[in-house]
Amino acid sequence: MMDSDAKLIEEILRLKGERNAIILAHNYQLGEVQDIADLVGDSLELSQKAAQTTAEVIVFCGVQFMAETASILCPDKTVLLPDMHAGCPMADMITAEGLRQKKEEHPGATVVCYVNTSAEVKAQSDVCCTSANAVRIVEKLADGREILFVPDQYLGHYISTRTGREMILWPGFCPTHLRIKSQDIIRMKQEHPRARVVVHPECRPEVIALADEVLSTGGICRFAGRTEVEEMIVGTELGIIHRLRKENPDKRFIPASEQAVCPRMKLITLENVLWSLEEMAPEVRVPEEIRLRAKAAVDKMLEVG
Ligand code: 13P
Ligand code: SF4
């Protein structure tokens, strides 16, 4: 660690105490940002923590929809996103107006929205899900109504194969996960024949078909901790490798593709975390009328867990 980093960290921790703040970081954050967080986790774990914390301020080291979800759950807290430009391109692939039109085409459908959506889109949905609970949530929808799943067509396709439920899929995708190709997995398996292949369900179906485990980022971390396997080929965003190596120093983690980087996740730095705590900005707040409707969809998800 450089001297300048040590100073930044000291200042962040001092201000965090002064402001009664908690720092939540997604598994894709830069290693140095993960290292100062109170919790590093996946979208579900971070929203559960946001819902439970007694801190007055949440510094969200992740992307916009994650900070918005925290604000939906905790309207009395100040939610800070250290860089306002940290949006999720997949979440931007669907608008509230686009969803409204699609619902008109399928008036009886249950709308299941991936958490990677704006608050406005959540407000128009029946139930929210993350990659950790999507299969369980769709399995619970037993009323026989059509299901409209937005916006990730690949996660939607994976849920369909796991549940046997046909779904109408919005054609969104994660540009970062699409960089992982089946040829990458095949090559890595040839180079590391004893390794298990663990991938995120946002990957292409042909990548998922080659995987031993398909898990959320939190699920990948838990799997790495409990498995006897010593070598893993990891098919998701590269930031997770920092946590995996830190928690499992005796195991070997091989990125499926060095190109699987989410540039928006990397916008959060120690510098802007400190600045954010100093200025108490930029703040993410969801208008009350939208928040209440979005909260109904998020609460339904949290009931399932
Ligand atoms: P997780 O909920 O599995 O952490 O996924 C979030 C995400 O944005 C994946 O690209
Ligand atoms: Fe969005 Fe993909 Fe980045 Fe996750 S990795 S935040 S889905 S662009």
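As the structure lists them, so they are numbered: ligands from 1, and atoms in each ligand from 1. From a predicted model like this one, the values you see are computed outputs, not experimental measurements.
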Under 3.5 Å between some N or O of ligand 1 and some N or O of D42?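 N/O-N/O distance below 3.5 Å does not exist for this pair.
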Would you say E202 and ligand 1 have an N/O pair spaced under 3.5 Å apart?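 Yes, at least one N or O pair falls under 3.5 Å.
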With side-chain contact (heavy atoms from CB on, under 4.5 Å) as the test, would you mind laying out the steps for V198 and D212 before giving the verdict? CA-CA 6 Å; V198 190; D212 299 301; over 6 Å; no
Is there a side-chain contact between L24 and T53, using heavy atoms and a 4.5 Å cut-off?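 No, their side chains stay 4.5 Å or more apart.
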Within the structure provided, determine whether M265 and M66 are in side-chain contact (heavy-atom separation under 4.5 Å).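 In contact.
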Considering non-hydrogen atoms only, spot the tightest contact between S131 and Y114 and give its length.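 Result for this residue pair: N-CE1, 3.5 Å.
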Closest non-hydrogen atom pair between K189 and I233, with its separation: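 Looks like N-CD1, 3.8 Å.
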Give the numbers and elements of all ligand 1 atoms closer than 4.0 Å to a heavy atom of [X].
| X | result |
| --- | --- |
| Y28 | 7 (C), 9 (C), 10 (O) |
| S131 | 1 (P), 2 (O), 3 (O) |
| H177 | 10 (O) |
| S216 | 3 (O) |

Record the part of [X] in heavy-atom contact with ligand 1 below 4.0 Å; permitted values are side chain, backbone, both and neither.
| X | result |
| --- | --- |
| T130 | neither |
| M90 | neither |
| E237 | neither |

If waters are left out, how many protein N/O/S atoms lie within less than 2.8 Å of atom 1 (Fe) of ligand 2?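 There are 1 of them.
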Between atom [atom1] of [X] and atom [atom2] of [Y], what is the distance when rounded to the nearest 0.5 Å?
| X | Y | atom1 | atom2 | answer |
| --- | --- | --- | --- | --- |
| I208 | L155 | CD1 | CG | 8.0 Å |
| K122 | N116 | NZ | CG | 7.5 Å |
| E105 | K102 | CD | NZ | 4.5 Å |

Heavy-atom gap M265 to ligand 1 smaller than 4.0 Å: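 M265: no contact with ligand 1 (<4.0 Å).
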Under 4.0 Å to a heavy atom of E202 - the qualifying atoms of ligand 2, by number: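 So the atoms of ligand 2 that pass are 2 (Fe), 7 (S).
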For [atom], what is the nearest protein heavy atom, given as residue, atom name and distance?
| atom | value |
| --- | --- |
| atom 2 (O) of ligand 1 | S43 OG, 2.7 Å |
| atom 5 (O) of ligand 1 | H200 NE2, 3.3 Å |
| atom 8 (O) of ligand 1 | N116 ND2, 3.3 Å |

Can you see whether Q124 engages E120 through a side-chain donor-acceptor pair at a distance of less than 3.5 angstrom?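 Judged by distance alone, the side chains do not pair up.
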Are side-chain N/O atoms of T236 and Y28 paired as donor and acceptor at under 3.5 Å?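 There is such a pair (donor and acceptor under 3.5 Å, judged by atom type) between the side chains of T236 and Y28.
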Keeping [X] on the side-chain end and [Y] on the backbone end, is there a donor-acceptor pair under 3.5 Å?
| X | Y | answer |
| --- | --- | --- |
| K251 | A224 | yes |
| S125 | C128 | no |
| E237 | H177 | no |

